[in-house]
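Report on one structure; see the data block that follows.
Chain naming here is simple, since letters A, B, ... match the order of the sequence lines and numbering starts at 1 in each.
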Amino acid sequence: MAKEITTRADNYSDWYQDVVKKANLADHSAVKGCMVIKPYGFAIWEKIRDQLDTMFKETGHVNAYFPLFIPKSFLSKEAQHVDGFAKECAVVTHHRLMNAPDGSGVVVDPDAKLEEELIVRPTSETIIWNTYKDWINSYRDLPLLINQWANVVRWEMRTRLFLRTTEFLWQEGHTAHATKDEAVEETLKILDIYAKFSEEYMAMPVIKGIKTANERFAGADETYCIEALMQDGKALQAGTSHFLGQNFAKAFDVKFLNENNQQEFVWATSWGVSTRLMGGLIMTHSDDEGLVLPPKLAPVQVVIVPIPKPTPAIDEAAQKIMAALKAKGISVQYDQDMKNRPGFKFAEHELRGVPVRLGIGERDLANGQVEVARRDTKEKSAQNLEGIDRYIEDLLTDIQQNLFNRAAAFRTEQTRQVDNFDDFKSLIDTDMPGFLSAHWDGTTETELKIKELTKATIRCIPMEGDKEPGQCVLTGKPSAQRVLFAKAY
RNA sequence: CGGGAUGUAGCGCAGCCCGGUAGCGCACCUGCUUUGGGAGCAGGGGGUCCCAGGUUCAAAUCCUGGUAUCCCGACCA
């Protein structure tokens with residue numbers, strides 16, 4: 001059939017792309033590296049966005065919006081920061097087009113060259129800290145807890161739908177604090193929100209950890225992250241939260257007067273998650289039949305399919321079920337399409353990951369039942385119409401939990417302790433590399449050497465779990481604790 | 001940004017080597033029959049053959065350049 005997708009075993013990359021395209025999440029666009037997020041894909045992103053937004057607001061953050069363009073001079077104020085982003089910036093040099101003299105179309109008007117070139121934001125620290133300078137005078141102005149939902153542009157060499165696109169959507173939080181402790185606390189608070197969101201809403205288990213100096217955000221003193229393991233055994237950085245120290249305060253001269261009437265530099269954090277989460281969501285749960293969505297993020301949680309087609313009696317039963325489900329806050333769609341037969345509809349709703357499907361035929365109605373099919377396990381059962389709303393409410397909770405448990409079990413299976421480099425190499429060089437928990441001597445040199453030899457990078461220094469010291473898997477030198485290695489997206 | 005592959009109807013592809021009326025499957029339209037896991041038959045509509053140059057009487061096909069996507073590297077959320 002037209003909608004068949006490549007199997008994961010056959011070609012994981014093709015499978016991923018097939019799911020994204022055939023479940024109508026996104027498409028490639030006319031612009032290199034940029035995607036069109038389609039309505040169904042955007043509906044999922046809206047669910048992600050709305051939930052995170054709620055969680056940020058519950059912790060005292062407010063939204064604002066800063067410009068897309070950043071004066072070139074701003075970017076060079078923090079040395080580490082420029083180094084990190086210089087290679088992937090889009091630059092605006094002119095502000096006007098004109099008709100080509102030879103009539104061949106429009107060309108850039110050479111007279112409209114900008115005095116100072118503008119950078120399309122790859123992230124907003126610089127423009128935001130330039131603004132915060134004006135907003136912060138006293139300790140009474142702190143903390144400043146601001147988030148923005150925005151698009152950013154990073155000119156990537158190689159792109160993949162949702163996972164790495166030239167333009168992407170994200171939220172970036174930028175906070176200012178009077179003390180170091182408060183800023184560190186904020187950084188960790190956000191990391192916890194990210195982890196909670198990933199696990200409770202996306203049903204995607206994550207490891208909270210600290211990035212090595214080598215993997216740290218450009219301009220940060222410390223970068224914390226959540227790392228997830230995808231079904232192909234590769235790691236995905238799903239979110240980062242940075243403790244920026246006083247680096248940006250110093251670069252943009254942001255000082256406040258403390259209670260003792262002394263000038264101090266402000267302490268900062270920044271943190272973000274992006275449309276990359278969509279990629280993580282897809283690659284954590286989906287299968288060879290298509291997308292699998294956790295109920296909490298599914299735009300449509302329940303679909304009702306009349307068998308074989310709508311009739312007055314089936315319509316009536318469907319309407320009753322819909323009313324009962326809606327009363328419980330469950331989103332439900334009745335597939336009244338007359339053109340396609342049930343089998344086609346089943347496949348279609350599976351492809352787009354609807355968690356629960358109800359089949360209603362005359363035979364079911366005669367028995368006072370409906371057929372309930374769950375997307376995660378594909379199990380089907382007959383359930384009584386009476387009390388079906390409660391049954392489905394529980395089922396959705398069960399599916400949400402099952403998806404998380406399944407992903408967590410997978411991650412546990414694919415996380416291995418390794419104590420010598422030969423094992424390390426043979427384990428990482430397979431179709432299912434997974435996480436390798438190994439000792440590391442703490443040097444960037446060793447980290448890079450291991451990357452060169454195995455393609456694996458240190459995803460993070462886990463914050464929880466085994467803290468026993470040991471010997472580095474490559475050099476044998478002392479190691480403070482095990483770190484997590486993986487091949488990464 | 002380097003190496004490889006691909007671009008032909010909405011989707012998936014054949015045709016290209018060897019230049020000469022643009023094809024197939026699915027989807028779409030009409031009709032009839034079907035209907036508890038991607039329906040069958042019959043008829044029908046739909047094409048700047050990725051773009052721009054060039055060679056030629058003639059280009060989907062040969063040549064040059066560009067562009068997009070995928071895969072493998074290097075770089076990164």
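- Within the nucleic acid shown, A:Lys451 comes within 4.0 Å of sugar-phosphate atoms alone, with no base atom in reach, counting heavy atoms only.
- Both distances falling under 3.5 Å, in either a Watson-Crick or a G-U wobble arrangement, occur for no nucleotide opposite B:rU55.
- Note on A:Thr165: a base of the nucleic acid sits closer than 4.0 angstrom, heavy atoms only.
- The A:Lys455 side chain lies nearest to B:rA74 when the options are B:rA74, B:rG36, B:rC28.
- Nucleic acid contact class of A:Lys309 (heavy atoms, under 4.0 Å, all strands): base.
- For B:rC51 and B:rA60, the P atoms lie 11 Å apart once the distance is rounded to whole Å.
- Among the nucleotides B:rG36, B:rC71, B:rU69, the one closest to any side-chain atom of A:Ser13 is B:rC71.
- In the model, A:Lys296 has no side-chain atom that pairs as donor or acceptor with a side-chain atom of A:Gln51 under 3.5 Å.
- B:rC41 and B:rA14 have their P atoms separated by 25 Å, given to the nearest Å.
- We find that NZ of A:Lys234 is positioned 12 Å from C1' of B:rC71, with the value rounded to whole Å.
- Taking only side-chain atoms of A:Lys339, from C-beta outward, the nucleotide of B:rA74, B:rC28, B:rG37 with the closest atom is B:rC28.
- Counting only N and O atoms by type, the side chains of A:Thr123 and A:Arg121 include no donor and acceptor under 3.5 Å apart.
- Counting only heavy atoms from C-beta on, A:Gln17 has its side chain closest to B:rU69 among B:rU35, B:rA74, B:rU69.
- Here the nucleotide nearest the side chain of A:Arg158, chosen from B:rC75, B:rA74, B:rG38, is B:rA74.
- Between A:Tyr132 and A:Trp129, the ring planes lie perpendicular to each other; the angle is over 60°, past the 30° to 60° tilted range.
- For the pair A:Leu163 CG and B:rU69 P, the computed distance is 15 Å after rounding to whole Å.
- A 3.5 Å limit on both hydrogen-bonding distances identifies B:rG4 as the Watson-Crick or G-U partner of B:rC70.
- With both pairing distances under 3.5 Å, B:rC17 is matched to nothing as a Watson-Crick or G-U wobble pair.
- Atom pair A:Glu156:CD and B:rA68:C1' shows a separation of 18 Å (rounding to whole Å applied).
- For B:rU69, one of the phosphate oxygens OP1 or OP2 lies less than 4.0 angstrom from a side-chain nitrogen or oxygen of A:Lys32.
- For A:Trp271 and A:Phe56, the distance between ring centers is under 6.0 angstrom.
- Nucleic acid contact for A:Phe217: none, since no nucleic acid atom lies under 4.0 Å from a heavy atom of the residue.
- Nucleic acid contact class of A:Leu236 (heavy atoms, under 4.0 Å, all strands): none.
- Between A:Phe217 and A:Tyr224, a ring centre-to-centre spacing not shorter than 6.0 Å is recorded.
- Counting non-hydrogen atoms under 4.0 angstrom, A:Glu289 reaches nothing in the nucleic acid.
- With salt bridges taken as basic N to acidic carboxylate O contacts below 4.0 Å, one links A:Glu222 and A:Arg216.
- Atom CZ in A:Arg160 sits roughly 7 Å away from atom P in B:rC72 (whole-Å rounding).
- Distance from the side chain of A:Arg341 is smallest for B:rU35 among the nucleotides B:rU35, B:rC71, B:rC75.
- The nearest heavy atom of RNA chain B to A:Gly84 and to A:Ser29 marks one nucleotide each, and the one closer to the 5' end goes with A:Ser29.
- Nucleotide B:rU30 forms a pair with B:rA42, judged by Watson-Crick or G-U wobble geometry with both contacts under 3.5 Å.
- In this entry B:rC24 has B:rG12 as its Watson-Crick or G-U wobble partner, both defining distances falling under 3.5 Å.
- Among the heavy atoms of the strands lying under 4.0 Å from A:Glu362 is at least one base atom, whether or not backbone atoms are also near.
- B:rC11 atom C1' lies 12 Å from atom CG of A:Asn24, rounded to whole Å.
- Put simply, A:Lys380 has no side-chain N or O that comes within less than 4.0 Å of OP1 or OP2 on B:rG37.
- When both distances must be under 3.5 Å, the Watson-Crick or G-U wobble mate of B:rG37 does not exist.
- Looking at heavy-atom distances under 4.0 Å, A:Gly33 makes contact with sugar-phosphate atoms alone, never a base.
- When the nearest nucleotides of RNA chain B are assigned to A:Gln237 and A:Ile307 by heavy-atom distance, the more 5′-ward of the two goes with A:Ile307.
- Rounded to an integer number of Å, the gap from NZ of A:Lys21 to C1' of B:rC70 is 9 Å.
- Looking at A:His174 and A:Ser270, their side chains never bring a donor and an acceptor atom within 3.5 Å of each other.
- A salt bridge links A:Arg357 with A:Glu350; the closest basic N to acidic carboxylate O contact falls under 4.0 Å.
- Across B:rC71, B:rG36, B:rG38, the shortest atom-to-atom separation from the side chain of A:Phe344 is found for B:rG38.
- Protein atom CD of A:Glu350 is 12 Å distant from nucleotide atom P of B:rG37, rounded to whole Å.
- Phosphate proximity of B:rG37 to A:His349: absent, as no side-chain N or O sits under 4.0 Å from OP1 or OP2.
- Checking B:rG38, B:rU69, B:rG36 against every side-chain atom of A:Asp364, the shortest atom distance belongs to B:rG36.
- Within the 4.0 angstrom heavy-atom criterion, only backbone atoms of the sugar-phosphate kind lie near A:Glu88; the bases stay farther away.
- One atom, CG of A:Asp10, and another, P of B:rC71, lie 14 Å apart when rounded to the nearest Å.
- Across the strands present, B:rU61 finds no partner; the criterion is a Watson-Crick or G-U wobble pair with both atom distances under 3.5 angstrom.
- For the C1' atoms, the distance linking B:rA59 with B:rG45 amounts to 28 Å, nearest Å.
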